[in-house]
Peer 1: 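I am attaching a structure below and will ask some questions about it afterwards.
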Amino acid sequence: MTMKKFAMSVVVAGAMAGTALGLGTATASAAPQPAPHAQQNIHRAPVQQQIVVHRPNYGPFVYRGVRVTPHFDVKRHQWGFYSGRTWIVVVTR
């Protein structure tokens, strides 16, 4: 066996052993990986659209054919009402 054949067989054997062990051209990172998508959304509230209605006061009025009475939402610290599942903010200006 010549030196050239021996060197080539060592390179080929090393490449085959590397791929068998899962070693490829990708690099490894020690950075923490994010949690799977299902686990990330466990405590996330559903996103709601927010609409603003300008009114001179917070009294009852008709919004899209429905009579509504605004109330103060303590969590949001604002006046408004629900139209279906959407929170409508009432602003006096």
Side-chain angles (χ1 to χ4, degrees):
M1 191 187 250
T2 65
M3 190 61 142
K4 192 174 186 181
K5 279 186 172 182
F6 178 73
M8 190 57 132
S9 64
V10 169
V11 170
V12 171
M16 290 176 60
T19 56
L21 293 174
L23 303 175
T25 58
T27 58
S29 174
Q33 299 298 320
H37 183 68
Q39 293 178 355
Q40 288 179 347
N41 292 330
I42 291 175
H43 301 291
R44 191 173 292 170
V47 177
Q48 292 183 347
Q49 183 180 4
Q50 191 175 35
I51 300 171
V52 177
V53 175
H54 297 281
R55 298 277 304 151
N57 58 31
Y58 295 119
F61 63 97
V62 176
Y63 178 77
R64 294 188 178 179
V66 178
R67 186 168 176 83
V68 295
T69 303
H71 66 275
F72 186 77
D73 189 329
V74 178
K75 290 181 182 178
R76 290 184 175 94
H77 299 287
Q78 57 190 206
W79 283 88
F81 60 94
Y82 281 101
S83 176
R85 294 179 58 183
T86 305
W87 174 253
I88 312 291
V89 179
V90 177
V91 178
T92 58
R93 288 189 190 191

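Worth saying up front: this structure is predicted, and the values here are computed from it rather than measured. In this chain, numbering begins with 1 at the start of the sequence shown.
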Peer 1: What pair of heavy atoms forms the shortest contact from Ile88 to Ser83, and how long is it?
Peer 2: CG1-CB, 3.9 Å
Peer 1: Using a 4.5 Å cut-off on heavy atoms from C-beta on, say whether the side chain of Trp79 contacts that of Arg55.
Peer 2: no
Peer 1: Using a 3.5 Å cut-off and no angle test, enumerate the donor-acceptor pairs between side-chain atoms of residues 57-75 and protein atoms at least two apart in sequence or in another chain.
Peer 2:
from: Asn57; atom 1: OD1; to: Gly59; atom 2: N; distance (Å): 3.1
from: Asp73; atom 1: OD1; to: Lys75; atom 2: N; distance (Å): 3.0
from: Asp73; atom 1: OD2; to: Arg76; atom 2: NH1; distance (Å): 2.7

